[in-house]
Amino acid sequence: MNLSDIIRDVAIPTTIGIFSLMTPILLEALSRIDNKYNSVILVTAFKRELLYKQYVFTLLASIVSIVIWCLNLPRIVNIPWLNNFIDNSAAYLLLTTTLSLVIISLGVIRLLTIYYVPRSLLKRFTEKYNKSKDKEFYFGCVSKLFNYSLIVPDDDMTRSSWDFVSQEIEKHRDNPSEYPSFIYKAVYEADDLLCRRENNTIISFQNTSYFPLLMQCRNEISDKLYSFLWNSLRQFLFYDKTTYIYDYWKAAHHYYLSHFSRYYHYDNREGASNLMEQSLKFREFHYALCGLLLKQEKYDLLVKLFSFSHSSPATYLLVPESMNSLIRDYIYMSRDVTMDALYWERHYPYPEIDGVSASNAIQGHIMRFFGLLFLRQYTIPQYLTVIDPLDLPAVPQQIADKKYWVDHLMILKSHVKKLRDNNGVMTSLGYEALTNDGWFVEQGKLLPEELLDNYCSDIVSAEDIQEQSQTPEPAAIAQFMEQSAKIVNDAFVNC
């Protein structure tokens, strides 16, 4: 059998056979990968594989080689000792491409078996992630496998894929809490998948998957992370996954305890002040969350959040423990945001609330929640006789502050009264006793409305005394005398 017979009887039929066999196999394989994992990104990952690219290139090279061999082109150079090789170069090229095609086709078949086995594919993607510069792409591939493991379910694979994701989150935790966008996307998709499932049988994911994002932060929480957390919590609320919100609350409580307790130990005022501002922002976030829960009538969940504590006797970090902190936080949350009219709507959008008055409506729901917090103070046990949960803060010093406080405390009083008049809400929260005036008499405590009225009267009295006793500053008197003398002297000179 000469070379031409080998080409005609072996090489060309082999190339045609591989093309005829591999084309439907690959098309079916790509379709199965898409259907199996419900992800186009894994199909793209397969097409980016070096073996797949080599197969396509070698197949095209084989077809071109067949065409060149069939054309039987004459030799265009004359090199005596190379003429025989040049005359048969088309045959040699065809044999080489055919042999390469056979070998690479076997490699592609092996690659397909890896893509059909999720755990093998997970290992391959993690290796590629570590070696590749396009980390976002391969992180997305791993996250899709993580989602697949939640659907199947496959608890071992869930643990393996989430261990990888957690390690990547940990790498970014010292980067001002700013995680790459692909991490937020992957975690949000996983949470959405967990929410859609009626029964979560994944042992390792009874809780929500974004806890590491919150608990591993070492620096200030960024606006982007706050936005992610808010959208996730709204997602849980939409699917009525109140247990997920409660799990988040526990993680947030732990974060507050480990992060914001440090400002008491700062030697410099700037560092302590910065942490206090972060603490206030963190509490604002959770006041907005509770306002949303109250609006959505998630009373059972609110009761659980109110009672959660890491210590005994109980300490509450995300809701006020004292009337002093409650009133001060209320005054802060009632602040005028005229310079940023969309502040509340932009940071804490509520479902079914939009339009020009959305921010005011959202702030109103938060203020209503403070009315509930005010009533809650009556239910907090008094562990130490020197600390009374109803002790009000000291009267503000500035006259402008006094007027502002009185105006907004009257608004708080109206929220308190409306809540006490709503027996359904109070009963659902376990505060039905607070709707009865006689309960306060039995406990030897003032009615909430009376307590606020008395406090406002104290503020007004202090304001009157301050206005009556207020004397001009010596510097102001001296400046007034100097300017008056100048005006009089100028008047006489011009006469």
Side-chain angles (χ1 to χ4, degrees), residues 19 21-60 104-105 107-169 179-198 200 202 205 208-210 213 224 228 231-232 235 238-239:
F19 175 76
L21 181 64
M22 290 296 293
T23 299
I25 287 178
L26 285 174
L27 291 176
E28 175 66 20
L30 294 176
S31 177
R32 285 189 62 187
I33 291 171
D34 186 15
N35 294 333
K36 180 181 179 71
Y37 301 109
N38 192 28
S39 173
V40 177
I41 191 174
L42 296 188
V43 175
T44 304
F46 183 84
K47 292 180 178 179
R48 291 176 62 166
E49 292 282 355
L50 180 60
L51 271 173
Y52 178 80
K53 293 178 180 179
Q54 289 174 338
Y55 167 78
V56 173
F57 175 79
T58 308
L59 178 61
L60 293 175
I104 292 174
S105 296
V108 171
I109 296 298
R110 180 179 176 277
L111 181 62
L112 286 174
T113 61
I114 294 176
Y115 270 76
Y116 287 159
V117 181
R119 296 189 188 184
S120 300
L121 187 56
L122 175 62
K123 181 180 178 182
R124 186 176 185 84
F125 283 149
T126 53
E127 291 174 352
K128 283 185 171 291
Y129 178 88
N130 293 327
K131 297 177 181 178
S132 174
K133 294 182 179 179
D134 191 0
K135 295 190 179 296
E136 178 176 353
F137 178 79
Y138 287 106
F139 186 92
C141 292
V142 174
S143 71
K144 294 300 181 183
L145 291 178
F146 173 70
N147 294 346
Y148 170 79
S149 70
L150 295 176
I151 298 173
V152 174
D154 185 338
D155 194 47
D156 289 337
M157 186 175 172
T158 301
R159 294 177 187 274
S160 299
S161 54
W162 184 246
D163 284 345
F164 167 81
V165 175
S166 298
Q167 290 172 6
E168 292 309 307
I169 291 174
Y179 301 98
S181 298
F182 59 84
I183 288 182
Y184 289 115
K185 180 181 178 182
V187 174
Y188 190 84
E189 288 179 355
D191 285 344
D192 187 68
L193 198 58
L194 286 168
C195 288
R196 290 175 182 272
R197 296 188 56 183
E198 294 184 2
N200 181 14
I202 304 300
F205 275 82
T208 49
S209 60
Y210 67 76
L213 284 176
K224 188 174 182 180
F228 168 78
N231 290 332
S232 295
Q235 181 186 42
F238 176 81
Y239 289 108

Kindly indicate, with the supporting measurements, whether the criterion side chain to side chain contact (heavy atoms under 4.5 Å, CB included) is fulfilled by Arg119 and Asp156. CA-CA 9 Å; Arg119 296 189 188 184; Asp156 289 337; 3.6 Å; yes

Closest heavy-atom contact between Ser149 and Thr158? OG-OG1, 2.9 Å

Is it the case that more than 12 heavy atoms not belonging to Asn38 sit under 6.0 Å from its CG atom? no

Test item: side-chain donor near acceptor, Ser160 and Lys123, under 3.5 Å: no

Could you give the distance from CH2 (Trp162) to OG (Ser143), rounded to the nearest 0.5 Å? 10.0 Å

Is there side-chain contact between Ile41 and Tyr138, with heavy atoms separated by less than 4.5 Å? no

Spatial distance of atom CZ (Phe19) from atom CG (Leu59) [nearest 0.5 Å]: 6.0 Å

Salt-bridge test for Lys128 and Glu49: reply yes if a basic N is under 4.0 Å from a carboxylate O, no otherwise. yes

Correct closest heavy-atom pair for Ile109 and Met22 would be CD1-SD, 3.9 Å

What verdict does the side chain to side chain contact (heavy atoms under 4.5 Å, CB included) test give for Val56 and Lys53, after you've listed the backbone C-alpha separation in whole Å, the side-chain angles of each residue and the deciding distance to 0.1 Å? CA-CA 5 Å; Val56 173; Lys53 293 178 180 179; 5.9 Å; no

Could you tell me whether the side chain of Phe164 reaches within less than 4.5 Å of the side chain of Leu122, counting heavy atoms only? no

In Å, rounded to the nearest 0.5 Å, how long is the span from CD of Gln54 to OG of Ser105? 11.0 Å

When rounded to the nearest 0.5 Å, the distance separating OG of Ser161 from CG of Leu150 is 7.5 Å

Would you compute the distance between atom OG of Ser120 and atom CZ of Arg110 and round it to the nearest 0.5 angstrom? 9.0 Å

What are the two closest non-hydrogen atoms of Tyr55 and Thr23, and how far apart are they? OH-N, 4.5 Å

Evaluate the ring planes of Phe228 and Tyr184, with Trp represented by its six-membered ring, and classify them as parallel (under 30°), tilted (30 to 60°) or perpendicular (over 60°). tilted

Ser181 vs Lys224, side chain to side chain contact (heavy atoms under 4.5 Å, CB included): CA-CA, chis, key distance, verdict: CA-CA 9 Å; Ser181 298; Lys224 188 174 182 180; 2.8 Å; yes

Residues in side-chain hydrogen bond (donor to acceptor under 3.5 Å, both in side chains) contact with Thr44, at least two apart in sequence or another chain: none

Flag side-chain contact, heavy atom, 4.5 Å: Leu42 against Phe125: yes

Atom pairs and distances, side-chain donor-acceptor, residues 30-37, under 3.5 Å, sequence neighbours left out:
{"residue": "Asn35", "atom": "ND2", "partner": "Ser31", "partner atom": "O", "Å": "3.2"}
{"residue": "Lys36", "atom": "NZ", "partner": "Tyr148", "partner atom": "OH", "Å": "3.3"}
{"residue": "Tyr37", "atom": "OH", "partner": "Tyr115", "partner atom": "O", "Å": "2.6"}

Test your reading of the model: is there a side-chain donor-acceptor pair from Ser132 to the backbone of Tyr129, 3.5 Å cut-off? no

Approximate separation, where rounding is to 0.5 Å, of Phe57 CZ and Ile104 CD1: 9.0 Å

For the student: nearest non-hydrogen atoms of Leu111 and Phe46, plus distance: CD2-CE1, 3.6 Å

Determine the minimum heavy-atom distance between Asp191 and Ser232, stating which atoms define it. OD2-OG, 4.2 Å

Do the non-hydrogen side-chain atoms of Glu189 and Leu193 ever get within less than 4.5 Å of each other? no

Taking side chain as C-beta onward, heavy atoms only, is Val108 less than 4.5 Å from Ile25? no

The criterion is side-chain hydrogen bond (donor to acceptor under 3.5 Å, both in side chains); which residues satisfy it with Gln235, sequence neighbours excluded? Asp192

Heavy atoms, side chains only, cut-off 4.5 Å: are Met157 and Val152 in contact? no

